[in-house]
Engineer: 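Take this structure, written in structure tokens, and hold onto it; I'll ask about it next.
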Protein chains: 2
Amino acid sequence: MPKSEPPSKPYHHGDLRAALLRNAVEAITELGVAETSVREVARRTGVTHAAAAYHFGDRGGLLTAVATEGYRKLGAALTAAQASTENFLEVGVAYVAFSIDHPAHFDVMYQPGLYHHDDPDLLAAKADTATLLYGSREADDRQVALGVAAWSLVHGLATLWRNENLPAQLGDDPLEITRLVAHHLRVDPRD
Amino acid sequence: MPKSEPPSKPYHHGDLRAALLRNAVEAITELGVAETSVREVARRTGVTHAAAAYHFGDRGGLLTAVATEGYRKLGAALTAAQASTENFLEVGVAYVAFSIDHPAHFDVMYQPGLYHHDDPDLLAAKADTATLLYGSREADDRQVALGVAAWSLVHGLATLWRNENLPAQLGDDPLEITRLVAHHLRVDPRD
DNA sequence: AGCCTGTCTTTCCGATGGAAAGATTCCGCT
DNA sequence: AGCGGAATCTTTCCATCGGAAAGACAGGCT
């Protein structure tokens with residue numbers, strides 16, 4: 001018997017879908033989203049652009065897959081951070097770290113105009129991550145507001161950093177800047 | 001004598017550059033940046049796409065103009081807000097208001113991959129706005145960190161709102177949400 | 001063996017961004 | 001006046017892109 005490959009090797013290529021996705025992320029990292037074409041991704045994978053269309057439908061479908069993978073990776077990173085420390089702040093640092101470690105995913109995720117924002121898988125992954133970020137639906141408004149404040153802060157910081165909109169005065173280590181800036185977050189509003 | 005038109009009507013069209021810019025913003029507002037082509041903008045203006053190329057060089061040049069105008073409008077809005085209230089928080093609200101009143105500008109501004117991020121005019125407008133946001137270069141680190149915290153918070157909030165990444169629990173008025181969330185910003189760190 | 005579904009290629013189309021060259025209008029200079 | 005050149009816009013052309021449609025091909029099922 002042929003020892004069954006890990007997830008069972010499908011048809012011709014092996015796992016074209018995964019390969020295309022990987023090369024898409026690679027291309028976006030190198031060229032940026034705007035400059036990354038379906039054909040370029042297909043070229044890197046050694047296939048025709050129609051092969052990509054078969055697996056993802058259209059360009060939006062390909063980017064939807066990237067965004068979905070991004071939300072999953074983000075969720076995993078945040079979960080890991082929460083598990084490794086009891087410091088609330090370090091989860092925010094992990095968020096910024098994600099934006100730097102996975103710039104392609106991050107860019108695509110926050111440009112819904114590029115993908116199918118109503119894709120079921122995408123929505124599920126997004127919802128999971130959202131729950132991680134500002135607690136479950138049971139939390140009271142104040143708790144949610146704090147979560148949103150924290151998420152907004154690190155998200156804004158991450159995007160502004162990527163766009164070089166931050167003053168050089170605070171140094172060049174985004175993670176340190178995050179710790180510095182997050183200090184201004186008040187965790188216990190008493191009004 | 002023909003009463004001199006406002007800023008003096010130049011050559012053929014009148015003021016093609018301004019008209020193209022206006023229609024570009026309009027198109028982006030309606031279709032999104034990704035779906036807005038140079039040709040579409042030219043079409044709306046009643047001109048060939050090459051005419052747009054003459055004034056802006058390429059697509060990136062057109063979007064550079066949009067981003068530059070965006071930074072100028074943002075600067076004006078923030079200045080006006082600072083003048084009309086002594087409440088620091090309301091300036092942040094004005095920032096979010098800008099992102100809602102001028103979605104096209106806002107979108108383009110924070111996607112440097114789409115335009116010429118080293119354009120002199122762009123850089124100048126961006127620097128002016130930056131000065132408005134976290135004070136002049138003379139401020140001490142703590143002051144700057146607070147400015148960055150505040151800007152990050154409202155910027156993150158604005159983008160997350162636009163992408164529908166905020167929990168519905170806090171209502172549907174982004175300005176009110178801003179006030180609610182900004183409460184969690186500590187203005188006087190004493191450590 | 002023979003069909004059938006899943007996978008990928010070939011081919012074609014309209015639209016796009018950009019380059020190049022031509023036409024037209026205006027403006028300064030004499 | 002009018003002439004020449006610069007500014008403005010159009011025409012034309014090309015490579016590339018996203019997408020649709022139909023064909024080729026492989027592996028599994030009966």
Side-chain angles (χ1 to χ4, degrees), chain A residues 1-5 7-24 27-28 30-67 108 111 113-116 119, chain B residues 1-2 4-24 27-28 30-67 108 111 113-116 119:
Chain A
M1 67 174 71
K3 51 184 164 187
S4 60
E5 328 298 338
S8 89
K9 291 226 174 185
Y11 295 80
H12 310 135
H13 173 277
D15 198 355
L16 224 202
R17 201 194 131 95
L20 285 167
L21 192 50
R22 198 175 341 116
N23 289 323
I28 295 172
E30 292 175 18
L31 313 171
V33 205
E35 303 295 326
T36 299
S37 65
V38 174
R39 290 173 120 104
E40 169 65 21
V41 173
R43 237 174 269 134
R44 291 176 180 231
T45 317
V47 238
T48 315
H49 73 285
Y54 172 77
H55 285 283
F56 297 99
D58 54 3
R59 189 184 133 103
L62 175 56
L63 295 181
T64 302
V66 173
V108 175
Q111 289 182 30
L114 295 179
Y115 56 85
H116 304 151
D119 179 88
Chain B
M1 68 171 72
S4 61
E5 328 298 337
S8 88
K9 291 225 172 181
Y11 297 81
H12 309 135
H13 175 279
D15 198 356
L16 226 201
R17 202 193 131 94
L20 284 167
L21 192 50
R22 198 176 339 118
N23 289 323
I28 295 173
E30 292 175 18
L31 314 171
V33 205
E35 304 295 326
T36 298
S37 66
V38 173
R39 291 174 117 102
E40 170 64 21
V41 173
R43 238 173 269 135
R44 291 177 181 231
T45 318
V47 187
T48 315
H49 73 285
Y54 174 75
H55 284 283
F56 297 99
D58 54 4
R59 188 185 135 102
L62 176 56
L63 295 181
T64 301
V66 173
V108 175
Q111 290 183 30
L114 296 179
Y115 55 85
H116 305 150
D119 179 87

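A, B, ... follow the sequence lines: proteins, then strands. Residue 1 opens every chain.
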Engineer: Using a 4.0 Å heavy-atom cut-off, does A:S37 contact any base of the nucleic acid, only the sugar-phosphate backbone, or nothing at all?
Structural biologist: sugar-phosphate
Engineer: Below 3.5 Å, does any donor atom in the side chain of A:H49 face an acceptor in the base of D:dG19, or the other way round?
Structural biologist: yes
Engineer: Roughly, in whole Å, what's the span from CZ in B:R17 to C1' in D:dA7?
Structural biologist: 15 Å
Engineer: Tell me: OH of A:Y115 to C1' of D:dG18, nearest whole Å?
Structural biologist: 20 Å
Engineer: Output yes when a side-chain donor or acceptor of B:S37 lies under 3.5 Å from a complementary backbone atom of B:E40, and no otherwise.
Structural biologist: yes
Engineer: Looking at the side chain of A:V38, which of C:dG17, D:dG18, C:dC8 is the nearest nucleotide?
Structural biologist: D:dG18
Engineer: Any side-chain heavy atom of B:T45 within less than 4.5 Å of one from B:R43?
Structural biologist: no
Engineer: By nearest atom, which of the nucleotides C:dG18, D:dA20, C:dA20 is closest to the A:A50 side chain?
Structural biologist: D:dA20
Engineer: Between atom CG of A:L16 and atom CZ of A:F56, what is the distance when rounded to the nearest 0.5 Å?
Structural biologist: 8.5 Å
Engineer: Between atom NE2 in A:H116 and atom P in D:dG18, what is the gap in whole Å?
Structural biologist: 13 Å
Engineer: Output the distance between atom CG (A:L63) and atom CG (A:L114), rounded to the nearest 0.5 Å.
Structural biologist: 6.0 Å
Engineer: Between C:dT9 atom P and A:R43 atom CZ, what is the distance in whole Å?
Structural biologist: 14 Å
Engineer: If you measure from OG1 on A:T36 to CZ on A:R44, what distance do you get to the nearest 0.5 Å?
Structural biologist: 7.0 Å
Engineer: I need the residues from residues 53-66 of chain A with at least one non-hydrogen atom less than 4.0 Å from DNA chain D; give them sorted by number, or say none.
Structural biologist: A:D58, A:R59
Engineer: Rounded off to whole Å, could you give me the CD-to-P distance for the B:E35 and D:dG18 pair?
Structural biologist: 12 Å
Engineer: Side chain of A:V47 only, please: which of D:dT11, C:dC8, D:dC9 is the nearest?
Structural biologist: C:dC8
Engineer: Assess, by modelled atom type and distance only, whether the side chains of B:D119 and B:T64 contain a donor and an acceptor separated by less than 3.5 Å.
Structural biologist: no
Engineer: May I ask you to verify if any side-chain N or O of A:R39 is less than 4.0 angstrom from the OP1 or OP2 atom of D:dA15?
Structural biologist: no
Engineer: Distance check needed: C:dT9 C1' versus A:L16 CG, whole Å only.
Structural biologist: 12 Å
Engineer: When rounded to the nearest 0.5 angstrom, what distance separates CD1 in A:I28 from CG in A:L62?
Structural biologist: 6.5 Å
